[in-house]
Structure formats: C-alpha cells, structure tokens
Amino acid sequence: QVQLVESGGGLVQAGGSLRLSCAASGRTFSSYPMAWFRRAPRKDREFVTAITWNGGNTYYAESVKGRFTVSRDNAKNTMYLQMNNLKPEDTAVYYCAADSSTSTYSSRYRYWGQGTQVTVSS
C-alpha cells in the first residue's frame, strides 16, 4: 500500500516556474515507478511524465518536453516535478501516481494523490 500527497501548486505568471512534490508513505515506494498526470478544466486526465523506480529512465509528453523535469529521491520517499517556462495551457490539477510498472496510461496506476492545482496566468 502506498499513500501519496502532492504539494507545491499555486498561481504563477506565464514563463514562470513551479516545483511540485509528491510525498509517499509505505515501505515499497523505492520499488515503484511513478508518474505525473494532469487534468485541465473540461478535459480528460492526461499523461505528463513518468520515472522508473531508480530514476534511470524518464518519459515525457511532447507538450512538456524541454520544460518539465521529473526526479525522485528514494531516501526521502519523494518525487518532484520541476516545471519551467510555464504556459497558460499548463493550467490543471496535477496528480502523482504509482504502481508496479511504468506506463503512460492512467488506468495502469492503482495509487493516486489528491492533486494540487497549478494555475498559469497570461
């Protein structure tokens, strides 16, 4: 069992930066691939990025490549999402997720956080 709690969301102007954190509880955190998804108003939840259990491989949606960076610190049971050059279209609730295999599909993840709001003003 893994519990996830996101933090770090907020309001930022276009071109600005935010760093999201996902704190996990549960002794199996370090063995789980993890991911970030987001849901914008009136849209379906979409994949943002994923990271393997040891951080050795990362995957990004085309829309965030070169702007967002995912990382994790297994000693701190925490995953991060550094978001730079934010755009209004990045406005969404951001969720972290975990499960036993890496995937870009939200249905493949059993464990989810409650989400954190990111709002980018133009």
Worked verdict on R45 versus W112 for side chain to side chain contact (heavy atoms under 4.5 Å, CB included): CA-CA 13 Å; R45 183 160 47 189; W112 292 85; 3.6 Å; yes
Which heavy atom in S17 sits nearest to a heavy atom in N85, and how many Å separate them?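 Closest approach of S17 to N85: OG-N, 4.3 Å.
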Check T91 against P41 and note the closest heavy-atom contact, atom names and distance.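 Between these two residues, the closest heavy atoms are O-CD, 4.1 Å.
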Would you check if the side chain of [X] reaches a backbone N or O of [Y] as a donor-acceptor pair within less than 3.5 Å?
{"X": "Y60", "Y": "V70", "answer": "yes"}
{"X": "Q82", "Y": "R19", "answer": "no"}
{"X": "E6", "Y": "Q114", "answer": "yes"}
{"X": "D73", "Y": "A75", "answer": "yes"}
{"X": "T49", "Y": "Y59", "answer": "yes"}
{"X": "D90", "Y": "A14", "answer": "no"}
{"X": "T102", "Y": "T52", "answer": "no"}
{"X": "N77", "Y": "S25", "answer": "no"}

Test side chain to side chain contact (heavy atoms under 4.5 Å, CB included) on C22 and R72; report intermediate values, then the result. CA-CA 9 Å; C22 174; R72 66 190 295 166; over 6 Å; no
Are F37 and Y109 close enough, and set up right, to give a ring pair (Phe, Tyr, Trp, His ring centres under 6.0 Å), and what steps lead you there? CA-CA 11 Å; F37 289 80; Y109 291 88; 5.6 Å; yes
Worked check of side chain to side chain contact (heavy atoms under 4.5 Å, CB included) between R67 and M83: CA-CA 6 Å; R67 300 189 298 121; M83 305 186 295; over 6 Å; no
